[in-house]
Protein chains: 2
Amino acid sequence: MARPRKPLLSRERIVSTALALIDSEGLPALSTRRLAAELGVSGPSLYNHFTTKDEILDAVADTVIAEVDVSGFGTGADWRAGLLDWARSYRAALAAHPQIVPFLAQGPGRRPAGLKMADAAFGGMVGAGWPPAQATRVCAMVRYFVAGSALGSFARGFVDDPSAYDPADYPHLGRAHLLAEHQRQVDEGAFETGLRALVDGLALQHPELLPPKGG
Amino acid sequence: MARPRKPLLSRERIVSTALALIDSEGLPALSTRRLAAELGVSGPSLYNHFTTKDEILDAVADTVIAEVDVSGFGTGADWRAGLLDWARSYRAALAAHPQIVPFLAQGPGRRPAGLKMADAAFGGMVGAGWPPAQATRVCAMVRYFVAGSALGSFARGFVDDPSAYDPADYPHLGRAHLLAEHQRQVDEGAFETGLRALVDGLALQHPELLPPKGG
DNA sequence: ACCTGAACACCGTTCAAGT
DNA sequence: ACCTGAACACCGTTCAAGT
């Protein structure tokens with residue numbers, strides 16, 4: 001075929017096809033040859049648009065992070081609302097694409113959407129009165145919690161087979177085989193309960209940053 | 001060479017060499033051929049001791065989890081001490097081998113040390129009076145937080161290059177390039193602050209599970 | 001039982017060749 | 001500029017062959 005009149009590929013098409021492939025078959029399924037086949041071209045064609053496979057993954061990761069909503073910061077409410085909104089939106093974005101979380105959780109690097117999110121979150125906390133060093137810690141702990149919760153389901157981490165839990169070895173895991181069945185409730189319940197505890201605990205440590213009670 | 005009098009390999013030697021290779025060069029560096037070379041044998045030899053590469057990784061992951069100390073549960077103190085001890089030991093074990101965290105965080109599956117840890121943590125919380133459904137959530141949120149914090153440094157996720165943070169794009173990240181330098185302080189501070197907040201917040205939600213104040 | 005080399009179907013990436 | 005096939009140095013795994 002050689003060079004077509006109109007390019008067969010574009011960065012956008014490569015990225016969206018890669019994300020779809022990762023979502024449906026997992027990160028190991030994304031090979032340059034497989035991705036190229038999905039796009040109807042030969043493997044090396046991708047190198048006209050990206051210099052390495054990792055650069056493709058960076059672009060995919062950034063489109064996922066771009067979905068995170070940080071508009072909750074700076075609405076005038078106290079910092080808790082902004083933090084809760086951000087964390088929930090962050091988790092929703094990652095949970096929609098759990099397979100890419102291990103790559104994404106390496107940090108923003110030079111990815112624009114990742115840096116923009118970090119800027120908004122850190123800036124939001126500082127704007128609400130948090131000292132910068134503390135604001136950094138808060139952003140870090142939210143990332144820990146969100147990435148950990150999206151990285152892999154807690155509930156699905158336990159095999160769905162009663163015989164895996166011998167009561168002689170694991171006296172308290174008699175019902176662990178039921179976890180997988182209630183995956184969403186368990187994981188979402190744990191995230192929401194943990195997030196509330198985190199925010200409540202931070203508020204307890206910093207009462208001076210809250211609006212005075214009782215109007 | 002064919003079969004030697006004394007086996008050249010053992011599961012233990014394979015596992016410890018694999019862990020050392022993962023620690024020093026990362027998860028992608030662990031190939032069966034590379035590992036075999038490190039052990040002084042040819043690639044297929046490994047298949048006399050493990051049926052797949054994933055089975056090797058399972059064994060490696062389980063030795064990491066086996067280091068976690070769960071003895072803090074059931075010392076008679078309230079649940080907070082057990083939870084804090086467990087979480088800190090859990091994080092220390094994972095942070096010592098960050099490269100295997102993405103694999104490990106998939107859950108215990110059928111790995112004995114992983115199940116033993118889950119059994120002790122869940123049993124400890126239930127023994128301290130937590131309703132099973134809540135105890136499950138607490139174990140899940142600790143896993144989220146620990147795995148997220150060990151998965152990748154927050155601080156090292158930001159490149160050590162001031163020009164990466166254009167003030168026009170990221171007005172609040174003017175000092176982000178300094179994060180990497182203070183990696184340990186940032187990450188350990190965030191973990192410890194977050195863990196305390198989590199425990200404080202849980203205590204607030206469940207005052208009935210704490211010993212009465214003031215003796 | 002436990003090792004070997006050869007083989008199979010894969011990888012990421014480079015490069016000269018085509019238009 | 002943007003695609004191709006051939007090639008290089010890799011993968012995980014199977015298998016017949018050796019002792």
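Chain letters run A, B, ... following the sequence lines, proteins first and then strands; every chain starts at 1.
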Has R88(A) got more than 12 heavy atoms of other residues, nucleotides or ligands less than 6.0 Å from its CZ? yes
Between R11(B) and E55(B), does any NZ, NE, NH1 or NH2 come within less than 4.0 Å of an OD or OE carboxylate oxygen? yes
Donor-acceptor pair between D54(B) and T52(B) side chains, under 3.5 angstrom: no
Watson-Crick or G-U wobble mate for dA6(C), both contacts under 3.5 Å: dT14(D)
Once you round to the nearest 0.5 Å, how far does OG1 of T193(B) lie from CD of Q134(A)? 6.5 Å
Rounded distance (Å) that lies between atom P of dA1(D) and atom NE2 of H49(A): 12 Å
Counting only side-chain heavy atoms from C-beta out, which of dC2(D), dG12(D), dC11(D) sits nearest to P7(A)? dC2(D)
dC10(D) P sits how many Å from K53(A) NZ, rounded? 17 Å
Remember a base hit wins even if backbone is also touched, and classify S31(B) as base, sugar-phosphate or nothing at under 4.0 Å, heavy atoms. sugar-phosphate
Proximal nucleotide (of dC11(D), dT13(D), dG12(C)) relative to the Y47(A) side chain: dG12(C)
Of the nucleotides dG5(C), dC3(C), dA6(D), which has the atom closest to the L8(B) side chain? dC3(C)
Nucleotide nearest S42(B) (side chain, heavy atoms from C-beta), chosen from dT13(D), dT4(C), dG12(C): dT4(C)
From CG of D54(B) across to P of dC11(D) the rounded distance in Å is 17 Å
Given DNA chain D, 5'-ward residue of the pair S45(A) and R33(A), judged by closest heavy atom: S45(A)
